Structure formats: structure tokens, C-alpha cells
Amino acid sequence: MNAFPTTVSATAAPANKIEVRNPATQETIGTIPNLAAEEIVAAVARARKAQAAWAAATVRERARIFQRFSELLCDQKNEVASVISREAGKPETEALSTEILVVLDTLKYLKDYVPQFLRPEAVPHSNPAMKLKSGTLLREPYGVIGVISPWNYPFSLPSVQTLSALATGNAVVLKPSEFTPFSSLELQRLLRQAGLDPDLLQVITGDGAAGAALLSAEIDKVVFTGSVATGKRVAQAAAARLLPVVLELGGKDPMIVLEDADIDVASSAAVWGAFMNAGQTCLSVERCYVHESIYEKFLSACVAKTGKLRIGNGAEKNTDTGPMIHERQLRIVQSHVDDAIRRGARLLAGGKPLAELGPNFFAPTILADMDHTMTIMREETFGPVLPVRSFTTEDQAVQLANDSEYGLAASVFTNNRKRGEALARRIHAGTVMVNDVIACFGISEAPHGGVKASGIGRTHGRFGLEEMVWPKYVDSDRMPQMKKLWWYGYGPAFGDQMKGFVELLFAKNLINRIQGGIKSTKSYLRRKLL
Ligand code: NAD
């Protein structure tokens with residue numbers, strides 16, 4: 001079933017190969033080619049050739065392949081979940097709920113929404129001078145979309161972006177993370193099995209250099225998901241050739257717990273939101289602000305719930321939280337925790353690696369009494385840490401939440417939904433959830449993306465589809481035999497008529513509008529057009 005070798009190799013992979021390891025066990029689960037720039041250029045050329053016929057296919061023809069893919073994915077969900085879990089370390093349950101389910105729901109959304117999205121849209125005109133024209137908006141596929149993906153959601157992220165691109169008539173060349181390529185290879189395998197022309201989705205494996213080579217190849221747009229640092233490099237490379245970009249970057253998502261919130265619900269949300277996928281989610285709860293009146297009770301509830309989490313290999317059925325993807329990430333987490341403690345944070349749980357489980361495991365950590373001088377409150381930690389501080393007033397909570405260079409998502413917990421929704425409007429983030437965390441990613445209709453350093457553009461939903469097409473406006477004049485009034489043949493009389501026309505449309509006073517109308521009438525009878 002799995003499209004990759006499972007033999008353990010003791011020797012290092014040659015330079016043109018990359019060894020992929022299971023982050024829980026350190027076992028080598030396979031090797032992938034580190035493709036050279038020429039191979040990537042050739043893949044893009046093949047994609048371009050195949051795209052022309054795909055763009056000409058009907059929406060229904062494309063939908064048939066997606067339907068078959070959906071059935072295959074549903075049938076093979078356990079195998080795909082195990083591939084995801086093995087290379088990303090997450091529990092198989094999470095692979096099902098946050099990856100496979102998201103992709104299946106996206107397929108349903110695309111089936112329901114894409115036909116109307118791609119239908120030519122009439123554009124009515126209000127300008128009387130343009131009334132003799134009919135306007136139509138068409139949505140044209142870009143051509144070849146380059147998708148560059150991270151390792152934390154190795155199946156759902158590239159799949160949603162790839163399927164949205166394909167559904168709108170594009171071809172895709174996908175560069176997955178070198179840490180988790182096999183989930184994308186599963187996507188490719190199932191789409192081909194469903195009948196997709198192999199050139200329409202090509203997974204090109206390799207490290208950052210392969211991503212850079214994709215940017216230099218003849219793609220028409222890039223959808224990049226990853227860190228802010230790499231995102232800036234991608235944006236610079238794209239700017240050099242005016243390549244359109246979508247950038248889905250990091251986050252430092254705040255969670256605000258108001259004094260009327262249910263402490264049991266909010267503490268469960270905080271623990272899941274901070275530790276799910278070992279905290280390696282762009283939408284993780286990375287900062288938590290709790291009203292001073294419930295602060296200590298909330299902390300105690302979080303500590304008690306964290307104590308019950310089972311840490312281990314994601315392949316084991318009882319595991320709640322798996323390992324970090326690699327030791328480098330673990331060292332970043334440790335440095336953020338150490339810096340916070342040095343600056344006066346109170347350590348309530350965890351705070352250290354769990355070396356007995358393997359080199360990539362870090363204990364779910366709760367820190368209290370945070371302030372914004374601490375690195376952990378400013379930079380993305382991307383690990384299992386819940387840093388909490390108290391606030392006094394709603395204004396202070398909003399100010400703290402907005403005091404960040406990031407703006408991906410945020411959450412507000414309160415028993416008064418109206419109050420939560422009002423607060424949501426004051427927070428600078430692409431998504432604000434009231435009484436939930438992270439789950440917005442599972443809503444296929446909802447746009448996903450951030451403001452500030454969290455990125456540019458959107459994926460998912462209508463706005464995600466708009467990123468995959470360029471708008472073409474077709475203006476069709478209903479009077480082909482008529483020269484237009486505004487063409488050459490200018491002179492003082494025409495100047496006066498135009499002044500009259502402007503007054504007819506926009507003068508404040510009714511008398512001026514009538515006079516303007518009279519002055520402009522003659523323009524309709526102009527005979528001296530060139
Ligand atoms: P990363 O930036 O290190 O790598 C992302 C991808 O870019 C990988 O495929 C990598 O090989 C490739 N790459 C590296 N250098 C490149 C270059 N110069 N040109 C082109 N491609 C290059 O990110 P990561 O560590 O894989 O992922 C974690 C980050 O992703 C976190 O910051 C997280 O918040 C972010 N993320 C954001 C979202 C979102 O939707 N906003 C979702 C998931 C993850």
C-alpha cells in the first residue's frame with residue numbers, strides 16, 4: 001500500500017537523496033530524491049503542457065475525478081493516517097480528524113461551490129454612458145501553481161491547496177517538506193488512481209533548494225506555507241520576477257478568557273489548543289490572557305488536565321501528544337522556556353525534554369505570570385507550551401492580544417456570545433474564534449490566512465479559490481456600428497458638453513443637474529467624431 005520503502009538504512013543517504021525519519025522512533029522510514037533544478041524545470045514544463053487540456057475540460061469532468069479520489073481516500077483513510085503519523089509523529093486520530101477529514105470536507109465543498117464560482121458573472125453598470133455595454137467577469141486559471149508546504153500538516157495543507165488549484169483548471173507542482181514528503185506522495189498516488197493525468201500533479205521532493213528551484217521555474221503563481229523567515233525569502237524571489245504569491249506564515253495566536261467564561265471549557269480548550277500536534281500548529285494557542293478574577297482557578301484546571309496527557313508515539317492508540325518534528329525545534333522550545341523562567345515566569349508543568357521517550361519529546365509545559373519582554377510572548381514557539389498571564393480590563397486584554405507582529409488567528413472565551421463577537425472585531429487577526437480554538441481550519445467555507453507577518457492572501461473557501469484564478473473582464477458593446485461619444489473629435493463644444501455631463505451626474509443641486517443635462521444633450525448628437 002505505502003509508496004515508499006520501509007527498510008531501515010544505517011548509512012547516511014547520498015547527497016542527491018534525503019533520509020526521512022520517524023520523529024518518535026528515529027527509524028528511517030524511507031529515502032527520497034533531492035531533485036535537481038533541471039528536473040524541476042522539466043516537471044513544470046510537463047505540467048504546463050497538460051494544463052491546457054485540463055482547463056478546457058468541463059467542471060463536471062474534473063468533478064468526476066475528485067469524486068473517485070474522495071471515495072479512495074475514504075476507503076484508505078487508515079493507511080493514509082498511518083503514513084501521516086509515521087512521518088509527522090502525530091496520533092493517528094489527529095491525522096484522521098485534522099487532516100483526512102479536512103480534505104474530504106474540502107472535496108465536498110469544491111463539488112458544491114466550484115460550478116457556480118466558475119460560471120461567467122454578469123457585471124451591471126451604473127454609469128449611464130456605459131449602459132450600451134454588457135459586462136462579464138470570467139475566472140481564468142493561472143496555469144501552473146507551485147505549492148510549497150511545511151511538515152506540520154503534511155497531508156491537509158498541500159491537499160486543500162492542490163485540490164483548489166486543480167478544481168479551477170490549474171496544474172500543480174508540489175514541493176512538500178523534506179521531513180514529511182510521503183503524505184504528499186499519498187495525495188499524488190490517490191489522485192492518479194482516481195484518473196488524474198500524472199502531469200497535472202507532480203510532487204517534486206527535495207530540500208529548500210528544490211523549493212527555490214521551483215520559484216525560478218516557469219510557474220505562474222506560488223502558494224507557500226511555512227515560516228516567516230522562509231516566507232520573506234520566497235517573497236523576495238517572487239518579487240524579482242513579479243510572480244504572484246500567497247504566503248501562509250507563522251502565528252502567535254492569543255486566547256482571551258473573560259471573567260464570565262466557563263473555566264472547565266476554557267481550560268480544556270487551552271490545553272488542547274496549546275498541546276495538540278505537540279504545539280506544532282500555526283493556529284496553536286501561543287499566548288493565553290485570563291481575567292484576574294479566575295486566573296488561579298484557570299491555571300489549576302490547566303495543570304490538572306495537562307497531568308493526564310499521555311505522551312508517546314503517535315502510532316500507539318492511547319497517545320494524546322507525540323514528539324516534536326526534530327531536535328532543532330525542541331531546542332527552540334527549550335530556549336523560549338528558559339528565557340521566560342529567567343525573566344520571572346512561574347513554571348507550573350513540564351519545562352524539559354522527555355529524553356526517556358526519545359530525543360524529540362518535550363513535556364507539555366505551563367508557564368504563568370508572563371510579560372511581553374519574554375521571547376516566548378513575542379516569537380513563535382511552535383512547541384507544547386502554554387504561557388499564561390492575567391489581565392484586568394477588556395481594553396487591556398485587547399491591547400495585549402494585538403501587541404504582536406503576527407496576526408493569524410485568536411480566540412475569545414465568554415458565556416456571552418455577543419460580548420465575544422464584539423471583542424473579536426477589535427482583534428487584528430485573520431480569524432477570531434469565540435469559544436473554540438484551531439477548529440476554523442476544518443471549516444472548508446472559511447478563509448484561512450493572516451494579517452501582519454502571518455502572511456498575504458488566503459487559502460480555503462471562496463477567497464482561497466479566488467487566489468487560484470485571475471479575473472478577466474469581458475466588455476461587449478451592444479452597438480457595434482456606433483462610434484463612442486468620448487472618442488476623438490474634441491473641441492470647445494465637446495468640453496462644455498462633458499462639463500454638463502459631469503454636473504448632470506454629480507452636482508449637489510437639482511437645478512445644476514438639470515442645467516448640466518441640457519448642456520450635455522448635444523454630446524449625444526455629435527457628428528464630428530474621427
Ligand atoms: P519552513 O519555512 O522551514 O519550510 C517550509 C517549506 O519551504 C519546506 O518545504 C522547505 O523545504 C521550503 N523551503 C525552505 N527554504 C526555501 C527557499 N529558500 N525557497 C523555497 N522554499 C524553501 O517551515 P516549516 O518549518 O516546514 O514549517 C513550520 C512553519 O510553518 C511555522 O512557522 C508555522 O507557523 C508555519 N505554518 C503556517 C501555516 C499557515 O497556514 N499560516 C500552516 C502551517 C505551518
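Here the structure is a predicted model, which is why all the values come from computation and not from measurement. Start at 1 and go down the list; that is how both ligands and their atoms are numbered.
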By number and element, which atoms of ligand 1 are closer than 4.0 Å to a non-hydrogen atom of [X]?
X	value
L408	41 (N)
G211	19 (N), 20 (C), 21 (N)
E248	37 (C), 38 (C), 39 (C), 40 (O), 41 (N)
N152	43 (C), 44 (C)
S177	9 (O)

Is [Y] paired with [X] through a side-chain N to carboxylate O contact shorter than 4.0 Å?
X	Y	answer
D403	R378	yes
K90	E99	yes
R86	E27	no

How close does the nearest protein non-hydrogen atom get to [atom], and which residue and atom is it?
atom	result
atom 8 (C) of ligand 1	S149 O, 3.3 Å
atom 18 (N) of ligand 1	R233 NE, 4.0 Å
atom 32 (O) of ligand 1	E380 OE1, 2.6 Å
atom 24 (P) of ligand 1	W151 NE1, 3.3 Å
atom 12 (C) of ligand 1	I148 CG2, 3.8 Å
atom 16 (C) of ligand 1	T230 CG2, 3.4 Å
atom 7 (O) of ligand 1	F224 CE1, 3.3 Å
atom 17 (C) of ligand 1	G208 O, 3.7 Å

* **Closest non-hydrogen atom pair between L330 and F361, with its separation** => CD1-O, 3.4 Å

* Asked: Considering only heavy atoms, which of P176, G450, S227 lies nearest to atom 1 (P) of ligand 1?
  -> S227

* Structure fact -> Candidates C282, P150, S216, G226; heavy atom nearest atom 35 (C) of ligand 1 found on G226

* Residue K111 excluded, over 12 heavy atoms near NZ under 6.0 Å -> no

* Rounded distance (nearest 0.5 Å) linking atom CG of L249 with atom NZ of K452 -> 14.0 Å

Looking only at heavy atoms of [X], does any of them come nearer than 4.0 Å to an atom of ligand 1?
X	value
Y153	no
F441	no
G455	no

Polar proximity ligand 1 side, [X] side, N/O cut 3.5 Å exclusive:
X	answer
L249	yes
E178	yes
H448	yes

* Ring-face cation contact, W470 with R139, 6.0 Å cut, 45° max -> no

* K108 NZ/CZ over Y113 ring centroid, <6.0 Å and within 45° of normal -> no

Relative to ligand 1, is [X] under 4.0 angstrom through side chain, backbone, both or neither, heavy atoms considered?
X	answer
L157	side chain
F179	neither
T225	both

Could you tell me whether the side chains of [X] and [Y] share a donor-acceptor contact shorter than 3.5 Å?
X	Y	value
T375	H336	no
E467	T459	no
N34	D207	yes
T180	E87	no

* Near-ring test F182/W151, centroid separation under 6.0 angstrom -> no

